A.B. asks: 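Have a look at this one before I ask anything.
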Protein chains: 4
Amino acid sequence: MSTESAEKLLDAATRLFVAHGIERVNSNQIAREAGVGVGTFYAHFKDKHELHQSLVLSALDALRVRVEKAVAAGPADPEQQVRRTVEAVIAFAEEQPDRFRIAFLGGGRFGYSTRGVERRLRELQEEGAVDRALHPGTAARAFASMQSGVLLWWLEDPSRGSRAEVFETLVRLHPALRRP
Amino acid sequence: MSTESAEKLLDAATRLFVAHGIERVNSNQIAREAGVGVGTFYAHFKDKHELHQSLVLSALDALRVRVEKAVAAGPADPEQQVRRTVEAVIAFAEEQPDRFRIAFLGGGRFGYSTRGVERRLRELQEEGAVDRALHPGTAARAFASMQSGVLLWWLEDPSRGSRAEVFETLVRLHPALRRP
Amino acid sequence: MSTESAEKLLDAATRLFVAHGIERVNSNQIAREAGVGVGTFYAHFKDKHELHQSLVLSALDALRVRVEKAVAAGPADPEQQVRRTVEAVIAFAEEQPDRFRIAFLGGGRFGYSTRGVERRLRELQEEGAVDRALHPGTAARAFASMQSGVLLWWLEDPSRGSRAEVFETLVRLHPALRRP
Amino acid sequence: MSTESAEKLLDAATRLFVAHGIERVNSNQIAREAGVGVGTFYAHFKDKHELHQSLVLSALDALRVRVEKAVAAGPADPEQQVRRTVEAVIAFAEEQPDRFRIAFLGGGRFGYSTRGVERRLRELQEEGAVDRALHPGTAARAFASMQSGVLLWWLEDPSRGSRAEVFETLVRLHPALRRP
DNA sequence: AATGAATGAGATTTCATTCAT
DNA sequence: TATGAATGAAATCTCATTCAT
């Protein structure tokens, strides 16, 4: 199976990228850590950046799937949705901290889409449920940035706040809960 | 104060770092772009990372000075302070976009301090002016992340929102304005 | 006679060698182009150079056979022999251009034998039919070089001259027709 | 001076290319033979092929210059011109055999121009001095091929013919001396 | 015989750093 | 201070070859 070595390489790279930073890791190290030959690295990935990108995209995708499930899992009530969404993201960050870091370290150059949140904000504004002075695009981006920024910071040292404090703070700062 | 060569190198590096990313730029390129010899680079900086760090620190410092002036420039009323602060940061980002990018691209690895905001939030909570359910450390970090994230995103394509929309959104999402 | 896979490999290699040059083609590419596995390549040939050599030798041999038939097919009259020989070589180049290229690209490192022509020139000189100032070995080599050089050049762009022009020119420059 | 190392590299490469063939020589070997560091190789040439090409072009150019001088050095009488030209080429091949080999090994992929000879043949045909049945383009290419082919063959083993025999044979096979 | 993923020796290439000028 | 050619350690990448299936 082609997947065997590729998996090993992806896992090894995740560990190394998080531990030392993408730029301080090289293809030989990744191959060695994965327990495969250098050639195998290049048989599966064009270069280190392609591997990195596939790691980021896969992590973002896994996160997206979890968030979508969370959204679908309960009532449309905005507060409950925000709570379920933030809960899903925190759970992901806790369960797979390295994948979460990979996805967001580097400032999210690979674009975490905020279209969904933006659309939802617009709807809530039309319903009169959300402050019309918020610019939906900006607010959506703001929440994405704060969420990833806070969680990276929290994962760095979980004693910075309890899970509940972090959760509650993110929820309460969510633009969808900003009443008019 | 630096010599003329050092200034040229700092400017060249800023341009190149922003255009291609820190890791895709090397000392020879910086020297060439600056119009000085490679040797001159090493006469002024230990290496690329020292130069980068001094660029980031200087940008963060310049920003800090502007924010402090803005804070000191008017009444202690929280909303007015938030407005003056956000205004100062946006003005800096507009006037010196490359310096702003340098400071925050890379996810702010050099730690933008959020101690001041955290302390102020705590005071406002004690006064009963701010939602006690917000965790001050987390909320301060959240605002820092959203502000830098939004402004980098906005600088990338200013047509994403008007200045006023971006401003108003950041202000309204500031935790200090989150009533109990 | 070779198996089917060997044939496919020879054909694929001919195409690739001519298109990209021997040194820019590797065994994996040949196998892929042939539609067989890499392992199959090594089941049939020791390496790329053995395959190349067998291609060259086989092409030179096929050409030799055609020329010998042409020589035997008519009168010993020098001009007619030269005409039949050149005709045979041009026909071969037209019918199997890639085989012809393979045989002579690379400057004919595998030695196209000129012994026959050399011997014939010597005879004709002894008969007084050919200029005695020509050195038979050199003249034979000269003709071989001009013939392969001209035909490679012509195959590259057949609009460089009509078939008849190329034919007539080669015939007339043949040392055997150089009267004393 | 930038030329110092570049010269050493060009000389070393000439020696190695001729001794072992372009494809069996690598950049490390060239640098070592030249007595410079590997980095120096890449400071002067993009890669091995650029170096090779500059070697070929420079050799062809040096040869062209000699031939032009030879042509200008005496009467326009076709036979004398052919003699002086062939003499110049043989002298070059004798004096700088490695440069000559570099220029023509590989089948002259870099295009030795035959325009001059072609034009001259056309003129001589118009004057009625040369066989009109020769196609000038083909004949010019034929002579270029025979000359380089013969001289490479002769340099390989100078005992294959005396200098005078080789000279006289090339002269007599020159299309410009082919009477109508 | 056929396969193709895996291998690693070795070739290519980069770049931080030095140093003679 | 300034220069930039030179350097070589280290990184990137290729490819002939093997071998388990």
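Bear in mind the structure is a predicted one, so any value in this text is a computation, not a measurement. Both backbone and side-chain heavy atoms feed into the values below; hydrogens, waters and symmetry mates do not. Residue numbers begin at 1 in each chain, while the letters A, B, ... track the order of the sequences.
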A.B. asks: With A:Glu50, which residues qualify under salt bridge (charged side-chain N to carboxylate O under 4.0 Å, His left out), at least two apart?
C.D. replies: none
A.B. asks: Rounded to whole Å, how long is the line connecting atom NZ of A:Lys8 with atom P of E:dA5?
C.D. replies: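 Atom-to-atom, A:Lys8 to E:dA5, this comes out as 15 Å.
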A.B. asks: Look at C:His44 and E:dA2 and indicate whether a side-chain polar atom (N or O) is within less than 4.0 Å of OP1 or OP2.
C.D. replies: yes
A.B. asks: Send over the distance from D:Glu7 CD to F:dA5 C1', rounded to a whole Å.
C.D. replies: 15 Å
A.B. asks: For A:Ser54, enumerate each residue passing the side-chain hydrogen bond (donor to acceptor under 3.5 Å, both in side chains) test, keeping only those at least two apart in sequence or located in another chain.
C.D. replies: none
A.B. asks: Under a 4.0 Å heavy-atom cut-off, which of residues 11-22 of chain A touch DNA chain E?
C.D. replies: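 Listed by number, there are none.
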A.B. asks: Please list, chain by chain and in numerical order, all residues satisfying side chain to side chain contact (heavy atoms under 4.5 Å, CB included) with C:Arg64, sequence neighbours excluded.
C.D. replies: C:Asp61, C:Glu68
A.B. asks: When rounded to the nearest 0.5 angstrom, what distance separates CG in A:Leu10 from NE2 in A:His52?
C.D. replies: 11.5 Å
A.B. asks: What string of B, S and - do you get for nucleotides 13-21 of chain E, 5' to 3', when a contact is any protein heavy atom under 4.0 Å?
C.D. replies: BBSBBB---
A.B. asks: Who passes side-chain hydrogen bond (donor to acceptor under 3.5 Å, both in side chains) against A:Glu23, sequence neighbours left out?
C.D. replies: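 Listed in chain order: nothing, the list is empty.
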A.B. asks: I'd like to check the salt bridge (charged side-chain N to carboxylate O under 4.0 Å, His left out) partners of D:Arg66; sequence neighbours left out, ordered by chain and number.
C.D. replies: D:Glu95
A.B. asks: Could you state the NE2-P distance from C:His52 to F:dA16, rounded to the nearest angstrom?
C.D. replies: 14 Å
A.B. asks: Rounded to whole Å, please give me the gap between CZ in D:Phe41 and C1' in F:dA5.
C.D. replies: 16 Å
A.B. asks: If the condition is side-chain hydrogen bond (donor to acceptor under 3.5 Å, both in side chains), which residues does C:Asp98 pass it with, not counting sequence neighbours?
C.D. replies: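 Residues passing side-chain hydrogen bond (donor to acceptor under 3.5 Å, both in side chains) with C:Asp98: C:Arg101.
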A.B. asks: Which residues satisfy the ring-ring contact (aromatic ring centres under 6.0 Å, His included) test with D:Phe41, sequence neighbours excluded?
C.D. replies: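 For D:Phe41 there are no ring-ring contact (aromatic ring centres under 6.0 Å, His included) partners, ignoring immediate neighbours.
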A.B. asks: I'd like to check the side-chain hydrogen bond (donor to acceptor under 3.5 Å, both in side chains) partners of A:Arg15; sequence neighbours left out, ordered by chain and number.
C.D. replies: A:Glu33
A.B. asks: F:dA16 P sits how many Å from C:His49 NE2, rounded?
C.D. replies: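 These atoms are roughly 9 Å apart.
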A.B. asks: Rounding to an integer number of Å, can you tell me how far C:Glu50 CD sits from F:dA16 P?
C.D. replies: 14 Å
A.B. asks: Quick check on DNA chain F: between D:Gly35 and B:Gly35, whose nearest nucleotide comes earlier from the 5' end?
C.D. replies: B:Gly35
A.B. asks: Kindly say if B:Ser5 contacts the phosphate of F:dT1, meaning a side-chain N or O under 4.0 Å from OP1 or OP2.
C.D. replies: no
A.B. asks: For a stem of at least 3 consecutive Watson-Crick or G-U pairs with distances under 3.5 Å, i pairing with j, i+1 with j-1 and so on, which stems involve DNA chain F?
C.D. replies: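 So far as stems of 3 or more pairs are concerned, DNA chain F shows E:2-21 with F:2-21.
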A.B. asks: What is the distance, rounded to the nearest whole Å, between atom CZ of A:Phe45 and atom C1' of F:dT12?
C.D. replies: 16 Å
A.B. asks: If a pair satisfies salt bridge (Lys or Arg N to Asp or Glu O under 4.0 Å) and one of its residues is in residues 36-47 of chain C, list it, with sequence neighbours excluded.
C.D. replies: none
A.B. asks: For D:Asn26 and D:Ile30: C-alpha separation, side-chain torsions, deciding distance, then whether side chain to side chain contact (heavy atoms under 4.5 Å, CB included) applies.
C.D. replies: CA-CA 6 Å; D:Asn26 63 48; D:Ile30 297 172; over 6 Å; no
